[in-house]
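Here is how names work: the chains are called A, B, and so on, in the same order as the sequence lines, proteins then strands, and each is numbered from 1.
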Number of protein chains: 2
Amino acid sequence: MKKGKATIHDIAEKLNITASTVSRALNDNPRISENTKKQVLKMAKQLNYQPNHIASALRSGKSKLIGVLVPTANRNFFSSVVRGIEDIANELDYKVIISQSYEDPEKEIQTVDALLNARVDGIIASIGKNTENFEHFKKILDKGIPLVLFDRITNELEVSQVVIDDYYGAYETTKHLIEQGCKRIVHFTSPKKINIYRERLRGYEDALKDANIPVDPALIEESNMQLEDGRTSMENIITKGIPFDAVFSSSDYAVMGALQVLREHKISVPSQVKLAGFGNEPFTSFTAPPITTVDQKSIPMGRVTAETFFELLKLEDKKSATHKTVLKPELIIRESSLKTN
Amino acid sequence: MKKGKATIHDIAEKLNITASTVSRALNDNPRISENTKKQVLKMAKQLNYQPNHIASALRSGKSKLIGVLVPTANRNFFSSVVRGIEDIANELDYKVIISQSYEDPEKEIQTVDALLNARVDGIIASIGKNTENFEHFKKILDKGIPLVLFDRITNELEVSQVVIDDYYGAYETTKHLIEQGCKRIVHFTSPKKINIYRERLRGYEDALKDANIPVDPALIEESNMQLEDGRTSMENIITKGIPFDAVFSSSDYAVMGALQVLREHKISVPSQVKLAGFGNEPFTSFTAPPITTVDQKSIPMGRVTAETFFELLKLEDKKSATHKTVLKPELIIRESSLKTN
DNA sequence: TTTTTTTGAGCAATCGATTGCATATTTAAA
DNA sequence: TTTAAATATGCAATCGATTGCTCAAAAAAA
């Protein structure tokens, strides 16, 4: 008797009513009398009844699971977004399956499939940096399953999305560096299809133009934007003897690499070269000097994304309701970019 | 027709056989002829059949989901372990639900409940730092659901567990500091019930004793081991005027805080004070100077944990089979702890 | 050729909750 | 008092896959 878990049938039996009534009572169906509801609830508690979500999912077609696909959970930005999503989802009694693509397009496809197979009610995703084909996301849409993208989005998909204003963040950062006296600002970017780096590059270029500083292609370094890539890019610039007085990297990791290389070359930051990154990864505040960066409003982004998602879930025609939210990032000025008098 | 997804019944109908046969064919049951299997597989592909895991889970009682509970996914150590777990799980066609307790005992209890309700086939967990009551884990065991703990374990639970040899790691680190000439080594630890900090403390103490250096309680700072706590602890020591020539912190975050405070007090690392942390968080290699730390073998730990878990899953009597694996950590020596001549 | 085994499949119940369609009982309106 | 409307519950099918049991046909043994 302790053995098998209690089901609605057990409750029904004890109360001499049917399982349907119990089910309706538990779901607070208006067709059930208050009295019966009370009794059912009481008996449910007494029998330590735990609803079987799997049975419910099978019948109702709703798994109450939402799949969250991120490039890597091991990044402050992504894990914070996830946290924001979780907060909202849990309130609504949804569970979150986090899965990681590890920036690998192949793995991303598999993962989408796996989530679909797990019968999630919808998917929230941020696209891997190297993804150039979006068929697997189209597949989600074709099935009429709600999809919301955040941060790493693409124009090739007509879906709801939540992003920060990367252009603005980059523009402000570049402007700040210019105000600190910089004229030869190196920019680290990524050549991929993903929106964010393009936008940041645009912000960088426009800020320069607006200050009447020519955009010098020699100062723009493309890479995969990891720490190692930042090192390589910095070495490149130094080796080529290209003069520069600042680095604005679209990734905190890459700017960290630059800082290391500058240190090794005994180039002083910020007096000789000023630095700014993007992302506000925690380590940027640990370094010596602490690095100026752009905060991406990760927790709000998670919450907004989840809210967008659940609105979508409520609607009938998933496709027609695409919605784009843009959050303002915040420039966090630290020592690495400040003029030394 | 495109509408509803194909089921085994659709396959059965097309082939003029029954769903049971299809089911068995798909599961490679020996009672089905090779020929039939081939046909079924072909038709399945043709109809783009995707098994409904939910239906299968309901009937078989196996959800093919495994719950992973970590204090926070946003830590290199934990996310690496998760990655190791995922690797193994995915190979075996299991999906992983990651959930975070955020070091909050209350949230941890809720999360365990949520996982249980999601009908995971088992749980892999690392206990929150502030958890002092383990009833929710006992509940898992009582239900006969496999549970494996890693890293943050407790003696109050009789379960399979995978840990590193924290004692060894701490002993070696302390010994290393002593060899570099340190005699007054501050230790940052956490007062909680969790094993790891106790073991590290023990390693620290024994290394001192073995070198005939008295253990001075004034040098041992207890805290929650975050960056801020490390700052506070370091300020404490300095303010009290307690002489010291090294800090060995059981957490990389806390040692980072110490480094900041030392920097602010113009105390030079490593020439005046040497530092070592624990965990090999990526940022420890970014700092100036890079920080000596202990690598916790996170990916192997994840894999071993998953392997232990799946072995457990195979067994009948879950309880009797507890198994403890201890991995050797590795001391990573960097500039922060090296003797300056 | 008859009997026994082996092999390949079908039948039908089952997992637990949900839900459209009755039906019985009250209550309100005519 | 009769009829219509509202309220509370039951019945039974359903979601899709799994599985114990039964059975027919084919192969092997007697």
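Contact check, B:Asn27 against D:dT18: a side-chain N or O comes under 4.0 Å of OP1 or OP2. Here A:Ser23 reaches the OP1 or OP2 of C:dT18: one of its side-chain N or O atoms lies under 4.0 Å away. Residue B:Thr18 places none of its side-chain N or O atoms closer than 4.0 Å to OP1 or OP2 of C:dC11. Taking side-chain N and O atoms only, A:Thr36 has a distance below 4.0 Å to OP1 or OP2 of D:dT9. Using a 4.0 Å cut-off, no side-chain N or O of A:Ser60 falls inside it from OP1 or OP2 of C:dT19. For B:Ser56, no side-chain nitrogen or oxygen approaches OP1 or OP2 of D:dG16 to under 4.0 Å.
Non-hydrogen atoms lying under 4.0 Å from DNA chain D are contributed by nothing in residues 112-121 of chain B.
Taking only distance into account, the side chain of A:Thr7 never meets the base of C:dC15 through a donor-acceptor pair shorter than 3.5 Å.
Projected onto DNA chain D by closest heavy-atom contact, A:Val22 and A:Ala55 fall at different nucleotides, the more 5' of which corresponds to A:Val22. Each of B:Asn35 and A:Asn52 was assigned the nucleotide of DNA chain C with the nearest heavy atom; the assignment lying further toward the 5' end belongs to B:Asn35. Heavy-atom nearest nucleotides on DNA chain C were determined for B:Leu58 and for B:Arg31, and the one closer to the 5' end corresponds to B:Arg31.
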How far apart are the C-alpha atoms of A:Glu158 and A:Thr322, what are their side-chain angles, what is the distance that settles it, and do they pass the side chain to side chain donor-acceptor pair (under 3.5 Å) test?
-> CA-CA 7 Å; A:Glu158 214 186 287; A:Thr322 74; 4.8 Å; no
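Between A:Ile17 atom CD1 and D:dC11 atom P the separation is 12 Å, expressed in whole Å. When the P atom of D:dT9 is taken as reference, atom CD of A:Glu13 falls 18 Å away, rounded to whole Å. Separating the CD1 atom of A:Ile32 from the P atom of C:dT25 is a distance of 16 Å, rounded to the nearest angstrom. Per the geometry, NE2 belonging to A:His53 stands 17 Å off C1' belonging to D:dC15, to the nearest Å. Atom P of nucleotide C:dC11 and atom CZ of B:Arg24 are separated by 12 Å, given to the nearest angstrom. Put simply, NE2 on A:His9 is 9 Å from P on C:dG16, counting in whole angstrom units. For B:Ile54 and D:dG16, the CD1 to P distance is 11 Å, given to the nearest whole Å. Here C:dG10 presents its P atom at 13 Å from CG of B:Asn29, a figure rounded to the nearest Å.
Residue-level contact check: A:Ile8 touches the bases, meaning some heavy atom is under 4.0 Å from a base atom. In this structure, B:Ser33 reaches the sugar-phosphate backbone alone: every heavy-atom distance under 4.0 Å involves primed, P, OP1 or OP2 atoms, never a base. If you check every strand for non-hydrogen atoms under 4.0 Å, B:Leu26 touches nothing.
A side-chain donor-acceptor contact under 3.5 Å links A:Thr36 and A:Ser33. Between the side chains of B:Ser126 and B:Asp151, no donor N or O sits under 3.5 Å from an acceptor N or O. Donor-acceptor pairing under 3.5 Å is recorded for the side chains of A:Thr18 and A:Thr21. In the model, B:Tyr94 has no side-chain atom that pairs as donor or acceptor with a side-chain atom of B:Glu86 under 3.5 Å.
Within 6.0 Å of the NZ atom in A:Lys14, the count of heavy atoms belonging to other residues, nucleotides or ligands does not exceed 12.
A:Ser56 contributes no side-chain N or O that, together with a main-chain N or O of A:Asn52, makes up a donor-acceptor pair within less than 3.5 Å.
In this view, B:Asp28 and B:Lys37 satisfy the salt bridge (Lys or Arg N to Asp or Glu O under 4.0 Å) rule, not counting sequence neighbours.
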